Amino acid sequence: MPAKIIDGKAIAASINEETKREVEIFRSKYGRAPALAVILVGDDPASQVYVRNKIRTCAEVGIRSEGIPMAADTPEAALLDKIAELNADDTIDGILVQSPVPETIDEARVIRAIDPAKDVDCFCESNVGKLLIGGERGLMPCTPFGVLELLRRSGVSCRGKDVVVIGRSNIVGKPMAALLMQKAPDADATVTVVHSATEHLAEHIARADIVIAAIGKPRFVKGAMLKKGAVVIDVGINRIFDEKTGKNRLVGDVDFDEALPVAGAITPVPGGVGPMTIAMLMRNAVTAANLRRRDADAAEKK
Ligand code: NAD
């Protein structure tokens with residue numbers, strides 16, 4: 001039997017419906033919508049598409065968005081000034097700087113400049129630290145949390161399972177592993193992280209109940225590498241030239257056609273993890289708004 005296809009688009013749509021209701025509750029309590037500032041430095045075409053999708057989804061769920069385009073030659077100091085202005089603006093709940101920034105700008109410094117309470121990407125040191133320690137969930141890393149939600153809402157339990165995460169980036173692999181290893185109903189997995197220096201990669205993948213691929217290499221994971229019935233989550237987004245159609249198209253880090261007859265369940269690319277990342281960003285924007293109000297109310301009572 002071919003693998004069940006996990007429909008990330010449909011699951012993301014239902015999360016967005018929930019977010020829409022939370023936005024309404026926030027609006028009725030506080031008289032304004034949660035607000036997200038999205039800064040794009042430069043004119044990278046893929047980044048432009050991501051930013052457009054984020055802003056469009058904000059409109060769909062009722063979040064007020066402020067798109068802030070900045071020229072590719074913007075000095076780092078000007079970007080940091082803009083972030084400082086947004087940090088101080090009480091009507092802005094979340095700040096996102098689309099990655100990658102031009103090479104002239106130090107991305108780590110930019111991330112550090114964002115107020116952790118407005119860090120909707122969950123990239124800054126204190127938010128990553130909270131994630132690792134566990135406990136109350138606040139702002140969550142969008143792609144890894146999107147993967148966890150995909151699994152949970154598809155009825156896949158991670159508890160006690162052998163999960164192999166391929167890739168150790170700060171955006172996907174590392175926070176993915178940190179989330180999966182937590183003692184929590186939607187996690188509790190036994191996690192192995194494999195990466196570019198891993199020896200015997202195939203052996204690790206072959207025993208995985210769940211494979212999460214975040215490598216950035218088109219169709220890297222082959223069907224023959226998977227255990228029969230494994231759940232395969234493909235985070236990769238790679239643009240390739242399709243000789244059959246003569247056009248570019250998107251493929252994941254997993255060879256979907258080969259994996260389909262072997263896997264128990266699999267996410268497609270596009271339409272798998274991608275829409276979930278945006279849905280979780282929307283959820284984070286509302287969470288940031290609610291937590292900021294909660295902290296402000298608590299400070300007032302003192
Ligand atoms: P990255 O380049 O920062 O990291 C890639 C990781 O893959 C590295 O940690 C590296 O060690 C590992 N790797 C490279 N070659 C390997 C090999 N031969 N064997 C094992 N591991 C190897 O990439 P990233 O930011 O983590 O993104 C990974 C992919 O996920 C990209 O295709 C990216 O476009 C995509 N992505 C998708 C979303 C989404 O919303 N769907 C979000 C973020 C990233």
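Every number for a ligand or one of its atoms is a count from 1 in the order of the listing. Every value quoted in this text rests on a predicted model; they were computed, and no experiment measured them. Just so you know, residue 1 is the first one in the sequence shown, and it goes up from there.
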Among all the protein's non-hydrogen atoms, which is closest to [atom], and how far away is it?
atom                    : answer
atom 32 (O) of ligand 1 : I237 N, 3.0 Å
atom 17 (C) of ligand 1 : F220 CZ, 3.8 Å
atom 15 (N) of ligand 1 : K217 NZ, 3.1 Å
atom 23 (O) of ligand 1 : S169 CB, 4.3 Å
atom 28 (C) of ligand 1 : A214 C, 3.5 Å
atom 12 (C) of ligand 1 : G167 CA, 3.9 Å
atom 21 (N) of ligand 1 : H195 C, 3.1 Å
atom 9 (O) of ligand 1  : R168 N, 2.8 Å

Quick test of your reading of the model: are [X] and [Y] salt-bridged, counting only N-O distances below 4.0 Å?
X    : Y    : value
R21  : E24  : no
D209 : K227 : yes
R207 : E203 : no
D115 : K118 : no
E300 : R294 : no

Relative to the heavy atoms of [X], which atoms of ligand 1 are at a distance of less than 4.0 Å?
X    : answer
G236 : 29 (C), 30 (O), 32 (O), 35 (C)
V172 : 26 (O), 43 (C), 44 (C)
T143 : 40 (O), 42 (C)

Sidechain-backbone polar pair: [X] side chain, [Y] backbone, donor-acceptor under 3.5 Å:
X    : Y    : answer
E66  : A37  : no
D253 : G216 : yes
Q182 : A178 : yes

What about L201: any of its N or O atoms under 3.5 Å from an N or O on ligand 1? no

For Y50 and ligand 1, does the shortest N/O to N/O distance drop below 3.5 Å?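 No - when backbone and side-chain N and O of Y50 are compared with those of ligand 1, no distance drops under 3.5 Å.
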
For ligand 1, is any non-hydrogen atom under 4.0 Å from N238's backbone (N, CA, C, O), its side chain (CB onward), both, or neither?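 The part of N238 near ligand 1 is the side chain, not the backbone.
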
For ligand 1, is G173 a contact, meaning one of its heavy atoms is under 4.0 Å away? no

Does ligand 1 have an atom that lies less than 4.0 angstrom from a heavy atom of V235?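 V235 counts as a contact of ligand 1 under the 4.0 Å cut-off.
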
R292, R293, R64 screened by side-chain hydrogen bond (donor to acceptor under 3.5 Å, both in side chains) with D93, the one that passes: R292

Mind checking whether D234 and I212 have side chains closer than 4.5 Å, heavy atoms only? no

Is there a side-chain contact between F123 and V128 (heavy atoms, below 4.5 Å)? no

From the options I215, V147, T277, select the one whose nearest heavy atom is closest to atom 39 (C) of ligand 1.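 Result: the heavy atom closest to atom 39 (C) of ligand 1 is in T277.
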
Nearest-option assignment for atom 29 (C) of ligand 1, heavy atoms, candidates G272, G274, G216, P275: G216

